[in-house]
Every structure is written in structure tokens, then in C-alpha cells.
Peer 1: 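Below is one structure. I have some questions about it.
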Amino acid sequence: MKAPALLALACLTAASALAQTPATSPADSAAAEPLTFYGFADGYYGYELTGQCPTRPGFIYAHHRANEFALNNAVLGLRYDDGRVRGAVALHAGTYVEANYAAEPAALRHLYEAYAGFRPFRRAWLDVGIFPSHIGFESALSKDNWTLTRSLMAENSPYYESGARLTYEAGQRLTLTGLLLNGWQNIRDTNRAKALGTQLQWKPTAKLLLNSSTFYGNEQPQDSARRRRYFHNFYLSYAATERLSLAGIFDVGWQEQAARGRRPDNWHSAAALLRYQLTDKWAACTRYEYYRADHGVIIRSISPAPTDANFRVGGASLNLDYAPTAHVLVRLEGRALRSQDRLFTADAGRPTRTYGNLTSSIALSF
């Protein structure tokens, strides 16, 4: 049976739904129902202000179809957590999957998450399988993000990972995680090497969250020269008032060139977000971002040549959110990007430095 049919069948048989809440202690996990169903669907319409191409620029993966009604991501799954053992299985489908999982084997593309874990000791979890990435402020589910569309840094860093992760709950305010991975957003490994990752999340106060995530590995195909990749993601979020929230994100990475002794290709990106809760049901968020990559490393190619052009793009967005109920979110966003080079395409294939779009979405979650 194909994945969309499985999604529909599971949806019809799901009799109850609970929101996802991370377990903070064995006692908290055991107190809740161990088995929960969850689902999410995000329908959208994207309008291009620059040209009439049916897809958005190649470095945009979420909400990437243009000038048509489409389904970005529909997820349906179940999770189990009795305080000592946990796991999850979920399927997904949509244009996000079409764009972001194109390099994965067809049999694995519709797996959103699939992992099993247990507590090797009281404050630790060991999980093995496919799970959301430990990198970044944004997730694959738009309802969890302050903006409707993803930032350039989120689109070009891992959304998902496969491997093993060990999470240690050092306290109510500090969580440490170490990971052994197949690679940089790979379900199936592309070479024999494994990658390493770390994450530190610290909440010094109820209003402030600090995150530091790292990645190290060789992400070249098996028959290619090794190019080790070093990456660090940092973000903070701060609830300034009951209505006003701020966030800042910064990524920096290096990847070796094929010729030994040459200066590594570097990329760095940043975003600043300001979100304001206008009323109980209405909210607005504005974002400024930029992305800089030597020879377009990562965002244009994982194996750039020294002669490839640099990538220099900045932009801003503004979105308005309306939540008529706790399970529905209606969103409208306008976004503009500008490149130092004529990177984008306007009507009749004419190259241009500027790009703009409008995106509207209705998302359902349970």
C-alpha cells in the first residue's frame, strides 16, 4: 500500500489525539498515556512576484511550489513513552517531501520519523533510528515556527537525521545530547564514514533559551575525495514580555576543498526575528536574514569548484497569523530576497537580483 493511503487509513482509525510534549523526567512520562497519535497537514498557495516559474529557487524546499494550490506536508504517526521505553513511527507526504527527500531511496522517502529508545540510566535516553535534526531553530512542521516559510539557513541545514543519539537531562534547565549519524540529512549513508554531532540546550531563566549544536563529518560520495565538514549552529529565544518575543540565529561552517592545502570553503548565515502577539488569536512576525557561502558551498553544491561563484543573498519577510482554534493556524507571509549577483529568474528567463513571493497557508494539527 502506498504511503498516502497508509496516511488516510491511519487517520480514520485514530480515535484520540494528544499534543506532543517532551518528557522532562521518568515520573512525568509515566504519568501520561504511553501511546499517543498525532497528525499535521499544511495546505498552501504560493504566488511569485518575480516571474511565473512553477517552483521556487532551488535552495528553497518547504512550500516550494508556485502559482498553484498544494500540500506542503501531511504527517500522521504515533509515539510511545512509558517513562523507560519510547519510540515513534510516522509517515508524511507533500511537496516538502518531494523536494527535500529526492536523494533518498524511494522506499524511505515517506518516513518522517521512526526510532526506538530506552533509558540506560535514570536521566538519559538512547534512541536509534530516524528523527528530527538536532540543528536549528525551525522544524519541518510550519505550526512550530514563528514564520510560515523557512529561513535560508534552515532550508540548507538538516531537517532530519538517522543514527543514534544519547540525551542526558542534566537538570530542569540543561540538556546535553551526543549523536553518531549516517551524515548530513541522510537516511541512508552516502559513504562508509560516520558523522558526529552535539547539542547543548540551556534555559537559565523561564524567558531565555540558549542552544548550541555542532556537526562534523565527511559528506562526499564514496568515490569522491574526502572533504571534512565542520559546522556550528547557535540560537537564542527570549520572551521579553507576555506578547513580545525575540530570537537570533547564527550558523557558521567550513568544508575542505578537494585539493589539500587550499583554504576551506566557508559559509555563514544569520537571522533575527521579532514576534508580537496582537490578540489571543492574532500574531505577527518579522524576519531579517542573510546567507553567505564561498563558491556556493552547501546551498548550491556539496562539492563546489574553486571557480564557482560565491553566494550572497539577504532578505526580509513579514507574516500575519490567525489561530481560530488551538488546532488550526491560518497564515499569510510576504518575502523579499536580494542577491549581489543576478541569481534569480524573472519573466522570459531574464536574470534579476531581486526575488519576491507571497505564501498563504492553512494548517491543521492534532
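This structure is a prediction, so every number in the text was calculated from the model and none was measured.
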Peer 1: If we count only N and O atoms by modelled type, under 3.5 Å, do the side chains of T190 and E219 hold a donor and an acceptor together?
Peer 2: no
Peer 1: Is there a path of hydrophobic side-chain contacts, each under 4.5 Å between heavy atoms of I/L/V/M/F/W/Y residues, joining L91 to L108?
Peer 2: yes
Peer 1: Side chains of N145 and S139: closer than 4.5 Å at any heavy-atom pair?
Peer 2: yes
Peer 1: Flag the pair F215 / W184 as yes when at least one side-chain heavy-atom distance between them is below 4.5 Å, and no otherwise.
Peer 2: yes
Peer 1: Just checking R109: does its CZ atom have more than 12 heavy atoms from other residues, nucleotides or ligands closer to it than 6.0 angstrom?
Peer 2: yes
Peer 1: Just checking, R331 and Y322: is the charged tip under 6.0 Å from the six-membered ring centre and within 45° of the axis?
Peer 2: no
Peer 1: Between Y159 and Y96, how do the two ring planes meet: parallel, tilted or perpendicular, split at 30° and 60°?
Peer 2: perpendicular
Peer 1: If we ignore hydrogens and angles and just use 3.5 Å, is the side chain of E48 paired with the main-chain N or O of T50 as donor and acceptor?
Peer 2: no
Peer 1: Assign the ring pair H232 / F234 to parallel, tilted or perpendicular, where the plane angle (0 to 90°) is split at 30° and 60°.
Peer 2: parallel
Peer 1: So, using side chain to side chain contact (heavy atoms under 4.5 Å, CB included) as the criterion, who are the partners of R338 when residues are at least two apart?
Peer 2: R353, T354
Peer 1: If you measure only the distance, is there a donor-acceptor pair under 3.5 Å linking the side chains of T149 and T359?
Peer 2: no
Peer 1: Do the non-hydrogen side-chain atoms of F40 and Y38 ever get within less than 4.5 Å of each other?
Peer 2: no
Peer 1: Show every ring pair (Phe, Tyr, Trp, His ring centres under 6.0 Å) that has at least one partner inside residues 323-349, sequence neighbours left out.
Peer 2: F344-Y355
Peer 1: Do N211 and Q199 have a side chain donor and acceptor closer than 3.5 Å?
Peer 2: yes
Peer 1: Of the non-hydrogen atoms in C53 and A66, which two are nearest, and what is the gap between them?
Peer 2: O-CB, 3.3 Å
Peer 1: Under the salt bridge (charged side-chain N to carboxylate O under 4.0 Å, His left out) rule, what pairs show up with a residue in residues 186-208, not counting sequence neighbours?
Peer 2: D189-K194
Peer 1: For salt bridge (charged side-chain N to carboxylate O under 4.0 Å, His left out), just list the numbers for R79 and E113, CA-CA rounded to whole Å, side-chain angles, deciding distance to a tenth of an Å, and then say yes or no.
Peer 2: CA-CA 10 Å; R79 294 191 176 105; E113 61 178 352; 2.9 Å; yes
Peer 1: Would you please classify the geometry between the Y216 ring and the Y230 ring as parallel, tilted or perpendicular, with 30° and 60° separating the classes?
Peer 2: tilted
Peer 1: Are a donor atom and an acceptor atom from the side chains of D347 and Q52 found within less than 3.5 Å of each other?
Peer 2: no
Peer 1: So which atom in H134 and which in S213 form the shortest heavy-atom distance, rounded to 0.1 Å?
Peer 2: O-OG, 2.8 Å
Peer 1: Which heavy atom of L343 sits nearest a heavy atom of R300, and at what distance?
Peer 2: CD1-NH1, 2.9 Å
Peer 1: Tell me which donor-acceptor pairs under 3.5 Å the side chains of residues 174-183 have, and how far apart each pair is, sequence neighbours excluded?
Peer 2:
from, atom 1, to, atom 2, distance (Å)
N182, ND2, S162, OG, 3.0
N182, ND2, I187, O, 2.9

Peer 1: Decide whether a cation-pi geometry holds between R86 and W125; the criteria are a distance under 6.0 Å from NZ or CZ to the six-membered ring centre and an angle within 45° of the ring axis.
Peer 2: yes
Peer 1: Within the side chain of R312, is there an N or O that forms a donor-acceptor pair under 3.5 Å with the backbone of Y291?
Peer 2: no
Peer 1: Looking at every heavy atom in both Y112 and L141, which two are closest together, and how far apart are they?
Peer 2: OH-CG, 3.7 Å
Peer 1: Going by heavy atoms in the side chains, are L273 and C285 under 4.5 Å from each other?
Peer 2: yes
Peer 1: Look at atom CD1 of I362 and say whether more than 12 heavy atoms of other residues, nucleotides or ligands are closer to it than 6.0 Å.
Peer 2: no
Peer 1: Is any side-chain heavy atom of V330 closer than 4.5 Å to one of D321?
Peer 2: no
Peer 1: Looking only at side chains, do T147 and R287 share a donor and an acceptor under 3.5 Å apart?
Peer 2: yes
Peer 1: Test side-chain contact (heavy atoms from CB on, under 4.5 Å) on D265 and Q257 and set out the steps.
Peer 2: CA-CA 7 Å; D265 290 323; Q257 294 195 27; 3.3 Å; yes
Peer 1: Can you give each donor-acceptor pair under 3.5 Å made by side-chain atoms of residues 248-256, sequence neighbours left out, with the distance rounded to 0.1 Å?
Peer 2:
from, atom 1, to, atom 2, distance (Å)
D251, OD1, N233, ND2, 2.6
Q255, OE1, R229, NE, 2.8
Q255, OE1, R229, NH2, 2.8
Q255, NE2, I302, O, 2.7
E256, OE1, R228, N, 3.0
E256, OE1, R228, NE, 3.3
E256, OE2, R228, NE, 3.1
E256, OE2, R228, NH2, 2.8

Peer 1: Which label fits Y101 and Y160: parallel for a plane angle under 30°, tilted from 30 to 60°, or perpendicular past 60°?
Peer 2: parallel
Peer 1: For F137 and W146, run ring-ring contact (aromatic ring centres under 6.0 Å, His included): C-alpha distance rounded to whole Å, both residues' side-chain angles, the deciding distance at 0.1 Å, then the answer.
Peer 2: CA-CA 10 Å; F137 184 66; W146 293 12; 5.3 Å; yes
Peer 1: Is any side-chain heavy atom of S360 less than 4.5 Å from a side-chain heavy atom of L332?
Peer 2: yes
Peer 1: Should E155 and R56 count as an ion pair when the cut-off is N to O under 4.0 Å?
Peer 2: no
Peer 1: Within a strict 4.5 Å, meaning less than it, do heavy atoms of the M153 and H268 side chains meet?
Peer 2: no
Peer 1: Would you say F59 ends up clustered with L49 if hydrophobic residues are merged whenever their side chains have heavy atoms under 4.5 Å apart, either directly or through other cluster members?
Peer 2: no
Peer 1: Crowded around R226 CZ? As in, over 12 foreign heavy atoms under 6.0 Å?
Peer 2: no
Peer 1: Out of the candidates I299, D294, I298, only one should pair with F311 under the side-chain contact (heavy atoms from CB on, under 4.5 Å) rule; please name it.
Peer 2: I299
Peer 1: Residues in side chain to side chain contact (heavy atoms under 4.5 Å, CB included) with L126, at least two apart?
Peer 2: F118, P120, L166
Peer 1: Taking all heavy atoms of F231 and all of S157, pick out the closest pair and write down the distance.
Peer 2: CZ-CB, 4.5 Å
Peer 1: Could you check if a side-chain atom of T286 sits within less than 4.5 angstrom of a side-chain atom of N319, using non-hydrogen atoms only?
Peer 2: no
Peer 1: Got a sec: does the CD of Q222 have more than 12 other heavy atoms crowding it under 6.0 Å?
Peer 2: yes
Peer 1: Kindly determine whether E138 and S151 satisfy side chain to side chain donor-acceptor pair (under 3.5 Å), including the steps that lead there.
Peer 2: CA-CA 8 Å; E138 301 163 74; S151 63; 2.6 Å; yes
